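Okay, so here's the structure we're looking at.
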Amino acid sequence: MDVKRLLLLIPLAVLAYLLVVQWNQDYGQAAPEPDAPAITQTGDAVAPSEDGLAVPAAPRAEAIDGEMPEATTERGSSRELIAVITDVLDLRIDPQGGDIVYAALPQHRLSLDSERPFVLLSDSQGRSYVAKSGLQLEGHQGRIHFTPEETEYRLAEDEDRLEVDMRAEVNGVEVIKRFTFERDSYAVDVSYHLANQGETPISARFIGQLARDNSPDPTSGVAMGMKSYLGAAFSTPESRYEKVDFEDIQNGNFANQDAQGGWVAIIQHYFVTAWAPDQEQQNLYYATTDSRDRNVAAFAGPSQTLASQGEATLGATLYLGPKVQERMEAIAPNLELTVDFGWLWFLANPLFWLLDKIHDVLGNWGWSIVVLTLFVKLVMWPLSAKAYKSMARMRKLGPEMQRLKELYGDDRQKMSQEMMKFYQKEKINPLGGCLPILVQMPVFIALYWMLLESVELRHAPFMFWIQDLSMKDPFFILPILMGASMFVQQMLNPAPPDPMQAKIMKMLPIVFTFFFLWFPAGLVIYWVVNNITSIAQQYVITRKIENDPSIGKGMKTKG
C-alpha cells in the first residue's frame with residue numbers, strides 16, 4: 001500500500017476508534033440509581049460501615065475508631081441516618097462513625113428527561129460507594145457512635161453557611177465531629193474538635209477514606225473498550241496526578257507514600273470525590289481493600305498529642321461533586337487534573353479555556369462551539385489555503401495529468417518520474433487532498449475528549465432539537481448535514497488518478513456520516529461548521545486558480 005492510500009485510511013481508523021468509545025458510552029449497562037434513604041434506615045438499602053478505618057502500619061490492622069462491634073455490622077440492622085440538605089448537596093450521614101453513605105446532587109439530573117438528582121454516593125445493593133472519616137484515638141476500640149443535635153438539617157434560603165455537629169465522649173475525651181457546608185459549594189469541611197478531660201496525654205490522628213466497589217460508572221456504562229477513567233487517583237508534590245485503577249488496588253500494587261499536602265480521589269465520568277488534607281501537614285497516602293472487598297483510597301494525617309485538659313482540632317476537606325476545574329482549583333493544587341483530557345491534553349486544555357471564555361460572553365455552549373470552530377479555522381487558515389491551492393492546481397491540470405498517464409501507462413516507472421517533474425514544475429503537492437483532514441485530526445480528537453470529559457456540556461442545550469451537546473443528535477440531522485458538506489467538498493477536489501483512491505474518496509462521506517451518528521452533538525457541530533467554512537475557503541481559492549491563465553501555460557509533453 002502506498003503512502004497516499006495509507007494517509008486516506010488514517011482518518012477512518014481514528015473515527016473507528018472513537019466510534020467504539022462512543023458506543024460504550026451510549027450502550028453500556030449502568031447500575032440503577034438508588035432512591036435517597038429515609039432518615040430512619042432499615043433493611044438492605046444502606047449498609048452500615050462494616051470495619052474500622054485501618055491504616056497500613058505495624059501492626060497492619062491498627063484501626064481508627066477501632067473495629068465496629070459485630071452485633072451492629074450486619075445488613076438489616078436499624079440505623080438512624082442524619083439528613084443534610086443544601087442548595088447543591090443532599091446527604092445522609094451515619095452517626096456510627098460519621099460516614100457519608102449517600103450523596104445526591106440536586107443541580108445535576110440523573111438523565112436529561114428525569115427530574116431525579118444524580119446520585120454520587122450510595123451504599124445499596126446496586127452500588128457501594130461511601131466517604132469515610134474517623135479518628136485513630138489512643139486507647140479506644142470500636143467506631144465512635146455520635147449523637148446529633150437534630151436528625152435533619154437544611155440550609156435556609158437566607159443562610160450561606162450550615163454547621164452540623166455530632167457529639168460523643170470517649171475515654172474522657174469530648175469529641176465533636178463537625179460538618180461545615182457553604183452555599184453553592186461541593187466542598188465539605190470535616191473536622192474533629194477534641195477536649196481531653198483526662199489526666200494523661202492522648203494521641204489522635206485523622207483518617208479519610210473513599211471506599212467503592214467494582215460496580216460500573218452510572219454516567220459512563222460498562223467498558224468493553226476505551227472509556228472515561230473509573231478508579232482512584234493520588235497527588236503529591238512528587239507526582240502531581242497518579243492514577244491507581246481498582247485492579248491495582250485489589251492486587252496491592254500501590255506503595256504507601258508520605259508527602260506534604262496532596263489529595264486522594266476516586267474519579268468517574270463527570271464527577272469526583274476527593275479528600276484534601278491540610279496542605280502544610282505531612283500525610284500518609286495508601287490504598288487497600290476492606291472486609292467487603294471494596295477498593296479503598298485513603299490518607300492518614302499526622303498523629304497529634306493532646307495534653308491533659310488540652311484541646312485540638314483535626315480535619316480535612318471533602319469534595320464531592322462535578323469535575324469543574326475552577327471549583328477544584330480552589331480546593332487543592334492539581335485537583336483540577338482529575339478532568340482528564342487524555343494524551344492530547346496540551347491541545348484540549350487551551351481549547352477548553354478558550355471555549356469557557358467564549359461561553360462567558362455568549363452564555364450558550366453550542367454557539368460557543370461554533371465560535372471556537374471559527375477561531376480554530378482562522379488559526380489553520382494559512383495551512384489549509386496552501387493545501388487547497390495544491391488541490392486547485394491538480395483540478396485545473398487534471399487533463400494534462402491524464403494525458404501523461406495515457407502516454408506512459410505501460411511504463412509505471414517512467415510515468416512516476418514524469419509525474420514528479422510535473423508536480424514540481426506546477427507546484428503541486430500530491431498529498432494535498434489528505435492534508436486538511438490530517439491536520440484536523442489532532443484537534444478533532446482533543447475536542448472529542450474535551451466534550452466527553454467536560455461536565456459543563458452535560459445536558460447543555462444548543463437550540464431547537466439539540467438539548468444535550470454531550471449526546472448524539474436524536475434525529476441524526478447534524479451527521480447528515482456533515483456528510484452532505486463532505487460531499488460538496490469532494491466536488492471541489494480533483495478526482496484521484498488511482499481508481500482505488502477514487503473509490504475510497506467517494507465512500508468517505510457515507511462512512512463519516514455513519515460514524516458521526518453516535519458522536520456527541522457538540523463535536524458534530526464543530527465538524528459541520530468547519531466543513532462549511534472550508535467549502536467557502538476552497539471555493540474562493542479554486543475559482544482564483546482556475547481563472548489564472550499563467551497556471552499550466554505552455555505545458556506540453558512529447559512522446
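Computed from a predicted structure; not experimentally measured.
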Taking the six-membered ring for Trp, are [X] and [Y] closer than 6.0 Å centroid to centroid?
X	Y	answer
Phe476	Phe516	no
Phe299	Tyr286	no
Tyr270	His108	no

[X] side chain near [Y] side chain, heavy-atom distance below 4.5 Å:
X	Y	answer
Trp275	Tyr319	no
Trp367	His359	no
Ser485	Ile535	yes
Ser291	Arg294	no
Thr317	Val188	no
Gln489	Pro509	no
Leu372	Tyr526	no
Lys357	Asp360	yes

In terms of heavy-atom contacts, does [atom1] of [X] have more than 12 from other residues, nucleotides or ligands at under 6.0 Å?
X	atom1	value
Glu329	CD	yes
Arg183	CZ	yes
Tyr241	OH	yes

| request: Apply side-chain contact (heavy atoms from CB on, under 4.5 Å) to the pair Val130 and Ile100, showing each step before the final yes or no. | output: CA-CA 6 Å; Val130 299; Ile100 298 178; over 6 Å; no

Okay, side chain of [X], backbone of [Y]: is any donor-acceptor separation there less than 3.5 Å?
X	Y	answer
Arg116	Val119	no
Asp248	Asn253	no
Gln467	Phe464	yes

| query | Considering residues at least two apart in sequence or located in another chain, which fulfil the side-chain contact (heavy atoms from CB on, under 4.5 Å) criterion with Gln250? | reply | Asn214, Thr289, Asp293, Asn295

| said: Restricting to side-chain contact (heavy atoms from CB on, under 4.5 Å), what partner residues turn up for Thr236, sequence neighbours left out? | reply: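 side-chain contact (heavy atoms from CB on, under 4.5 Å) list for Thr236, sorted by chain: Glu238, Ser239, Gln257, Ala259, Tyr285.
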
Find the distance between [atom1] ([X]) and [atom2] ([Y]) and round it off to the nearest 0.5 Å.
X	Y	atom1	atom2	value
Trp527	Leu447	CH2	CG	10.0 Å
Leu121	Tyr102	CG	OH	10.0 Å
Leu354	Phe375	CG	CZ	5.5 Å
Thr533	Asn531	OG1	CG	7.5 Å
Lys132	Asp99	NZ	CG	6.0 Å
Leu318	Leu91	CG	CG	8.5 Å

| Passes side-chain contact (heavy atoms from CB on, under 4.5 Å), Phe118 versus Phe271? Steps please. | CA-CA 10 Å; Phe118 175 78; Phe271 302 98; 3.4 Å; yes

| query | What is the ring orientation for Trp518 with Phe514, classed by angle as parallel under 30°, tilted 30 to 60°, or perpendicular over 60°? | reply |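 Perpendicular, since the angle between the ring planes exceeds 60°.
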
| message | Angle between ring planes, Phe352 versus Trp365, binned at 30° and 60°: parallel, tilted or perpendicular? | response |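 Parallel: the ring planes of Phe352 and Trp365 meet at under 30°.
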
Of the non-hydrogen atoms in [X] and [Y], which two are nearest, and what is the gap between them?
X	Y	result
Tyr129	Leu120	CD2-O, 3.2 Å
Leu469	Gly366	CD1-N, 3.3 Å
Ile249	Val244	CG1-CG1, 3.8 Å
Ala297	Ala265	CB-O, 4.4 Å
Pro277	Gly261	CG-O, 4.3 Å

| message | Check this for me: does any side-chain nitrogen of one of Arg327 and Asp184 sit under 4.0 Å from a carboxylate oxygen of the other? | response |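 Salt bridge between Arg327 and Asp184, a charged N being under 4.0 Å from a carboxylate O: yes.
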
| field | Distance-only donor-acceptor check, side chains Ser128 and Asp213, under 3.5 Å | value | no

| field | NZ or CZ of Lys472 within 45° of Phe519 ring axis and under 6.0 Å | value | no

Which pairs of donor and acceptor atoms, one on a side chain in residues 452-462, lie under 3.5 Å apart (sequence neighbours left out)?
| residue | atom | partner | partner atom | Å |
| --- | --- | --- | --- | --- |
| Glu453 | OE1 | Lys323 | NZ | 3.0 |
| Glu453 | OE1 | Asp340 | N | 3.2 |
| Glu453 | OE2 | Ser228 | OG | 3.1 |
| Ser454 | OG | Met450 | O | 2.5 |
| Arg458 | NH1 | Arg109 | O | 3.0 |
| Arg458 | NH2 | Arg109 | O | 3.0 |
| Arg458 | NH2 | Leu110 | O | 3.2 |
| His459 | NE2 | Leu112 | N | 3.4 |

| task | Check the pair Phe346, Phe341 against ring pair (Phe, Tyr, Trp, His ring centres under 6.0 Å), reporting the backbone distance first and the verdict last. | result | CA-CA 9 Å; Phe346 54 89; Phe341 288 145; over 10 Å; no

| task | Please report the C-alpha distance between Arg212 and Asp217 in whole Å, then the side-chain angles of each, then the deciding distance to 0.1 Å, and finally whether the salt bridge (Lys or Arg N to Asp or Glu O under 4.0 Å) criterion is met. | result | CA-CA 11 Å; Arg212 194 190 193 282; Asp217 184 344; 5.5 Å; no

| Evaluation steps, side-chain contact (heavy atoms from CB on, under 4.5 Å), between Phe181 and Val84 | CA-CA 9 Å; Phe181 302 85; Val84 182; 3.5 Å; yes

| task | Given side-chain contact (heavy atoms from CB on, under 4.5 Å), test Thr338 with Gln268 step by step and report yes or no. | result | CA-CA 9 Å; Thr338 56; Gln268 65 186 62; over 6 Å; no

